[in-house]
Amino acid sequence: MSTLIVIPARYASTRYPGKPLVELKGATGESISLVERSWRAARKVEGDVEVVVATDDTRIADAAEAFGAEVVMTSEACRNGTERCAEAIEVRGTQHDIVVNLQGDAPLTPPWFVEALIASMQANPKAEAATPVLRCDGKALNGFLEDRRAGRVGGTTAVFGADMSGLYFSKEVIPYTGKTYGPDDETPVFHHVGVYAYRPAALAAYMGWEPGPLEQLEGLEQLRFLEHGAHLECVEVDARGQPFWELNNPEDVPRIEAMLAEAGMP
C-alpha cells in the first residue's frame, strides 16, 4: 500500500518548548536534532513510502529543509499531531492509501513498527486507524511508575480487547498490577508507541469531531477515535532488543542519549 509518513513538529510545546530542535548525541558523539533523527527513522521504513515534515514554525521548517526533508507548512490552529497530519494532506494533497503519523518525539522508533501498522491495515479493512503497542518488561514498567511518583508525565499505556481493538489509553499506568517485577520480567502492561496509521477518510472524519472529555482530560489525541466509535486497531510489536523511549520531558534527553549509545546509533 502506498504510504505517506508525516512527521508533525511544533515549536511551542507546553511541556518542552523548542523540543523538535533539541540536539541529541548518539554513539559517535555527533549532535543531531530530534526532528532530523525522527526523519531518519521514517526513511528506514521499507515499501512505497514518502516522508514529509509538517510544521507551523519557520525555525523548524528551515532546519528540516537544511537536512533535506520535504516540508509542509500548517497552521498554528492544529491542536495535536493528528490534526496536523490531516491539514498537511489537505495542503499537499495525497493519493496514498495510508497516512502515517510518526510523531517527532520518537527518534528510536524502529522501521518495523511502522511496517507492522501498514501490514495490519492491509489485512484488516475495517480498521480505520492503527497504532503499535509494546509489552513492557519490568525495567520499562518501573520507569513509568517512577515518572508518576515524581509527578512527571511519562509514557502512555494501552488496554485493548481480544480482537486487538483499542479500549483505552492513559498517561496513568494501566491496567493496575500490584506485583513487583524484575527488570527482565514480562508484565501485563503495554506501552503505547506514539505512531499512528490512518486511512485518509478517517483523518477527514477526525477533523469533523470535537475533542471529547476523555481526550481533554488525558491530553491524548487517539481517544477522539474511541469516543466517536471508530475502530482503532492495536498492533503488538516486538522491539527485537532495541531500546525504545519517547522524548516527553527535558529529563528524557540523557535517557535517550544513553539508548542511542547502547544501540550504536550515530
Nearest atoms (heavy-atom pairs only) where [X] meets [Y]:
| X | Y | result |
| --- | --- | --- |
| Ile60 | Pro20 | CD1-CG, 3.7 Å |
| Glu236 | Met164 | N-CE, 4.0 Å |
| Ala88 | Val6 | CB-CG1, 4.3 Å |
| Leu232 | Ala130 | CD1-N, 3.8 Å |
| Thr28 | Pro266 | OG1-CA, 4.0 Å |

Who passes salt bridge (charged side-chain N to carboxylate O under 4.0 Å, His left out) against [X], sequence neighbours left out?
| X | answer |
| --- | --- |
| Glu172 | Arg148 |
| Glu50 | Arg92 |
| Glu83 | Arg79, Arg224 |
| Asp147 | Arg152, Arg255 |

Is any side-chain heavy atom of [Y] closer than 4.5 Å to one of [X]?
| X | Y | result |
| --- | --- | --- |
| Leu34 | Tyr16 | no |
| Tyr181 | Pro188 | yes |
| Ser170 | Glu218 | yes |

Looking at Phe190 versus Phe160, is the centre-to-centre ring distance below 6.0 Å? yes
Chi angles and distances behind the side-chain contact (heavy atoms from CB on, under 4.5 Å) call for Tyr206, Asn80: CA-CA 11 Å; Tyr206 186 94; Asn80 58 46; 3.1 Å; yes
Applying side-chain contact (heavy atoms from CB on, under 4.5 Å) to Leu220 and Thr156, what does each step give before you reach the verdict? CA-CA 9 Å; Leu220 296 175; Thr156 297; 3.6 Å; yes
Would you call the rings of Trp245 and Phe144 parallel, tilted or perpendicular, where under 30° means parallel and over 60° means perpendicular? tilted
How are the rings of Trp39 and Phe67 set to each other: parallel, tilted or perpendicular (split at 30° and 60°)? tilted
Does [X] use its side chain to pair, donor to acceptor, with the backbone of [Y] at less than 3.5 Å?
| X | Y | result |
| --- | --- | --- |
| Thr157 | Ile174 | yes |
| Glu227 | Glu215 | yes |
| Asn249 | Val153 | yes |

Thr82 and Tyr198: CA distance, side-chain angles, deciding distance, side-chain contact (heavy atoms from CB on, under 4.5 Å) verdict: CA-CA 9 Å; Thr82 298; Tyr198 323 95; 2.7 Å; yes
How far does [atom1] of [X] sit from [atom2] of [Y], to the nearest 0.5 angstrom?
| X | Y | atom1 | atom2 | value |
| --- | --- | --- | --- | --- |
| Ile5 | Ser38 | CD1 | OG | 11.5 Å |
| Glu30 | Glu23 | CD | CD | 9.0 Å |
| Arg84 | Ser75 | CZ | OG | 6.5 Å |
| Leu260 | Ile256 | CG | CD1 | 7.5 Å |
| Glu186 | Arg135 | CD | CZ | 4.5 Å |

Residues sharing Ile32's hydrophobic cluster, by side-chain heavy-atom contacts under 4.5 Å among ILVMFWY, directly or via others? none
Residue pairs, two or more places apart or on separate chains, that pass salt bridge (Lys or Arg N to Asp or Glu O under 4.0 Å) and touch residues 161-171: none
With sequence neighbours left out, which residue pairs that include part of residues 93-111 fulfil the salt bridge (Lys or Arg N to Asp or Glu O under 4.0 Å) condition? Lys19-Asp105
Assess whether salt bridge (Lys or Arg N to Asp or Glu O under 4.0 Å) is satisfied between Asp137 and Lys139, documenting all intermediate values. CA-CA 5 Å; Asp137 59 17; Lys139 180 180 179 181; over 6 Å; no
Same hydrophobic cluster for [X] and [Y], using side-chain heavy-atom links shorter than 4.5 Å among ILVMFWY?
| X | Y | value |
| --- | --- | --- |
| Val52 | Val195 | no |
| Val22 | Ile7 | yes |
| Val235 | Val133 | no |
| Val193 | Val159 | no |
| Leu4 | Ile98 | no |

Output a table of donor-acceptor pairs, distance under 3.5 Å, between side-chain atoms of residues 107-121 and any protein atom two or more places apart or on a different chain; print 'none' if there are none.
residue	atom	partner	partner atom	Å
Thr109	OG1	Ala106	O	2.8
Trp112	NE1	Asp238	O	2.7
Glu115	OE2	Glu46	N	2.9

What residue pairs, at least two apart or across chains, pass side-chain hydrogen bond (donor to acceptor under 3.5 Å, both in side chains) with a residue in residues 187-196? Thr131-His192, His192-Gln222, Tyr196-Gln222
Who pairs with [X] by side chain to side chain contact (heavy atoms under 4.5 Å, CB included), at least two apart in sequence or on another chain?
| X | value |
| --- | --- |
| Lys25 | Ser31, Glu257 |
| Glu128 | Ala202, Ala230, His231 |
| Met73 | Thr55, Ala61, Val71 |

With no hydrogens and no angle check, do the side chains of Thr74 and Glu87 hold a donor and an acceptor under 3.5 Å apart? no
Worked verdict on Gln103 versus Glu221 for side-chain contact (heavy atoms from CB on, under 4.5 Å): CA-CA 12 Å; Gln103 301 195 75; Glu221 64 204 89; 3.5 Å; yes
